[in-house]
Amino acid sequence: MSRIRDPKKRSLFLRHLREEPIEVLLFLCASFSIVVLFLMLFFITKEGSQAFSNFGIDLIIGQRWETNENLFGAFPLIYGSIMVVAGALVIAIPLGVTTAIFIAEILPFSLRDLIKSLIELLASVPSIIYGFIGVIYLAPQISSFFGISSGTVALTASLVLAIMTVPTIVGVSGEILSAVPKEYKEAALALGATRWQTIRSVVVPIAKSGILASIMLGFGRAIGETVAVLMVAGNTAVIPTPPWSFLSPVYPLTAVIAMQMGEAAVGSLEYSALFGLGLILFILTFIVNTLADMIVKRKPKMRSGRKWPL
Amino acid sequence: MNRNANKGISTTVAIIGMIVLLTIGATAGYYAGISLTPSQQEFPEDGAWRTASITLSGSTTVLPIANAGSIAFMNKYSTTTVTVQGGGSGVGYSNIIDGVVNMGMASREPKTTEITNAKGKSPAVNLWLHPIALDAVCVIVHPSVANSSHQLNLTLQEVGKIYAGIFTYWDEVQEGLPHQQITVVVREPGSGTRGTFEEYTMDPWNYNVTANKSEQPGNPAVRTRVESTQYSIGYVGFGFLSENMHTVSLAKETGKPYVYPAVTSIAKGEYPVSRYLYLVTNGQPQSGSLTDRFIDFVLSHEGQQIVEENGFLKLPYVYP
């Protein structure tokens, strides 16, 4: 250090010496989550691939999941997961997107923050509470309304998941909708468009990719939900007859893992089968989240030279 | 130096740093995993039992007894800590084999796979079963199927056929029952209650459980399910019976008398599906350790009183 005689260069060097450790520290913190993610991925892949070498493709297409008989066909479980999530999205998407549009465009400014925080409150309620409400209140209602003997069916699980997914969709869509530049809306209104025409033809098309991304994130949340579906889905590892019947019980992947992992001895056949399920779940969620990211990053196509109409 | 002052970390450094961190993380994880094997774990029980702490996990049938027992024990010896968790007998065996708890709770004997797992550990785990109570597995149905005015009587094989899916409607089982689909409720695969139940109602005839069944986690969950689902059937430990369900009288086979589960009929051995409830340790617990003293407490007069209060039966030789 004594070598640098020029005072200006010297102070720069000292400043760099102070900055470096801080940058390294920030780097360590930032990489922590990435490192954990990759380690988890390695672990699940390692344990889950054991399942695929044990059972092969039978793990995914097999129709019977019976641990005590060493039958590990996860097809009814995968079907159950997807069915319940599909049902949830059918309810949550219209509800969520319209709520987001309402909050972003129509609600007076003064109420906006209040309503937004109330909806975010829905997201912060622990999922077991939803499961509890589902079992104690929703299931008997559904059972008496449809005249079926048991209310813990795919429909109940979809309803509970929908309530949990709506805040995700509203939150992200709301952000995207608020981010639409004011100038576009003002231009439309100046040209004589009504409020609804502005929303329909200007705001929503611009926010389309963001709304799609929020739906994908909602999907990710719903398919990973464990406790609530465990309590209300019925836990029957069969494909409903007929296959589209929501008034039949199903057994989502997450519920199976939660129920049966505790007693699977480390390294045993069922242990690897359950990790196989976990791997399937991980891959599904990963694909959906990646798609969501890709769609959000995509810039809306613009015709050359003109900023709008898009 | 001037150029780099505001650029932050270069890309190469970042990538190399990530790879290094990943390797460190993976190695740390590997060694952490190894240290979880029973041989490395030490439980502080020698001598200073008064300030020690132990954990139990496993059967949800034994859980109320262990829970009440632990509270009473900790009231008596306030510096000890006894923690009790559920999960099912399968979890209990799996945990004691993996060495993550001091004692398992089980409502069935270990399966052959569990014994093999235990022996395969190094050092080998020696499963010691300590019976602490007498219990019976009771078959329950929703009051829509039968109620106190019309007691439902079934043989073990008939129950087995229901669970195997051979009977799917209640009127196939017996005349006078409603023409409604049977909702079959079971426990998770490792459950002790399920193991005992299937041992008596399905294994003798090599029946396999139907796929069309609802899996529930724990005795209380089965009870809630059967109480709230019409035309359903399930099984719970004797201590979990309630007025909101109908309990079935079982006969060992046709021609034998139908026995209703009650303290007398179970204690006398008349009820066909009775079983012991166990605390499971790895080998004989060290004399004077907290584990040893807790087992002694549960087997003592006070402990057996707690067993009775929770709806189960004292061990037979405790009866006067």
Side-chain angles (χ1 to χ4, degrees), chain A residues 4 8-9 12-13 15-16 19-20 23-24 26-28 30-32 34-36 38-39 42-43 63-71 76 135-136 139-140 143 148-152 230-231 233-238 249 251 255-256 258-271, chain B residues 1-2 4-6 8-9 13-14 17-18 21-22 24-26 29 36 57-58 86-95 97-98 111 113-114 117-118 120 142 144 180-181 183-184 186 188-191 194-195 198 208-217 221 224-225 228-232:
Chain A
I4 304 177
K8 214 194 268 178
K9 280 203 187 142
L12 275 167
F13 178 74
R15 176 159 50 136
H16 194 227
E19 298 281 298
E20 275 272 306
E23 283 168 4
V24 170
L26 291 172
F27 170 73
L28 285 173
S31 40
F32 179 70
I34 303 176
V35 166
V36 166
F38 270 96
L39 286 176
F42 290 155
F43 179 62
Q63 298 266 354
R64 195 70 208 276
W65 180 276
E66 201 61 57
T67 316
N68 282 345
E69 294 167 39
N70 278 345
L71 292 168
V135 164
I136 299 295
S143 130
I148 48 179
S149 61
S150 160
T152 51
L230 177 62
M231 296 170 85
N235 299 352
T236 306
V238 287
Y251 211 168
V256 180
M259 283 267 270
Q260 305 192 351
M261 188 48 112
E263 40 115 17
V266 175
S268 69
L269 217 58
E270 54 232 73
Y271 178 86
Chain B
M1 206 84 65
N2 202 5
N4 286 339
N6 293 320
I9 298 184
V13 172
M18 292 278 209
L21 282 171
L22 267 170
I24 294 176
L36 278 178
S57 83
S89 302
V91 172
Y93 279 118
S94 155
N95 281 354
I97 291 171
D98 289 340
K111 299 181 190 172
T113 47
E114 286 163 345
N117 272 335
H142 188 267
S144 60
Q180 293 284 350
Q181 268 201 316
T183 304
V184 175
V186 298
E188 75 278 9
S191 157
R194 174 169 174 170
E198 290 180 359
N208 285 324
V209 174
T210 171
N212 218 335
K213 65 201 183 300
S214 178
E215 243 179 59
Q216 298 297 319
T224 311
R225 198 78 161 76
S228 61
T229 309
Q230 288 186 313
Y231 313 115
S232 58

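What you see is a predicted model; the values in this text were computed from it and never measured. Letters A, B, ... are given to chains in the order of the sequence lines, protein chains preceding strands, and every chain is numbered from 1.
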In short, B:Val209 meets A:Arg64 closest at the heavy-atom pair O-NH2, 2.8 Å
Could you state the interatomic distance from OG1 (B:Thr224) to CD1 (A:Ile136), rounded to the nearest 0.5 Å?
7.0 Å
Close side-chain approach of B:Pro189 and A:Gln260, heavy atoms under 4.5 Å:
yes
Straight-line distance of A:Ser150 OG to B:Arg225 CZ, nearest 0.5 Å:
4.0 Å
Okay, A:Tyr251 and chain B: the region with an atom under 4.5 Å from a heavy atom over there is side chain
Bottom line for A:Ser31: the part with an atom under 4.5 Å from chain B's heavy atoms is both
Which portion of A:Phe42 sits near chain B, non-hydrogen atoms under 4.5 angstrom
side chain
For A:Leu269, is it the side chain, the backbone, both or neither that has a heavy atom under 4.5 Å from a heavy atom of chain B?
neither
Roughly how far apart are A:Phe38 CZ and B:Leu21 CG, rounded to 0.5 Å?
13.0 Å
Which bit of B:Ser214 is near chain A, if near means a heavy-atom gap under 4.5 Å: side chain, backbone, both or neither?
both
d(A:Leu28 CG, B:Met18 CE) to nearest 0.5 Å is 10.0 Å
Going from CG on A:Asn68 to NZ on B:Lys111, what distance comes out if it is rounded to the nearest 0.5 angstrom?
4.5 Å
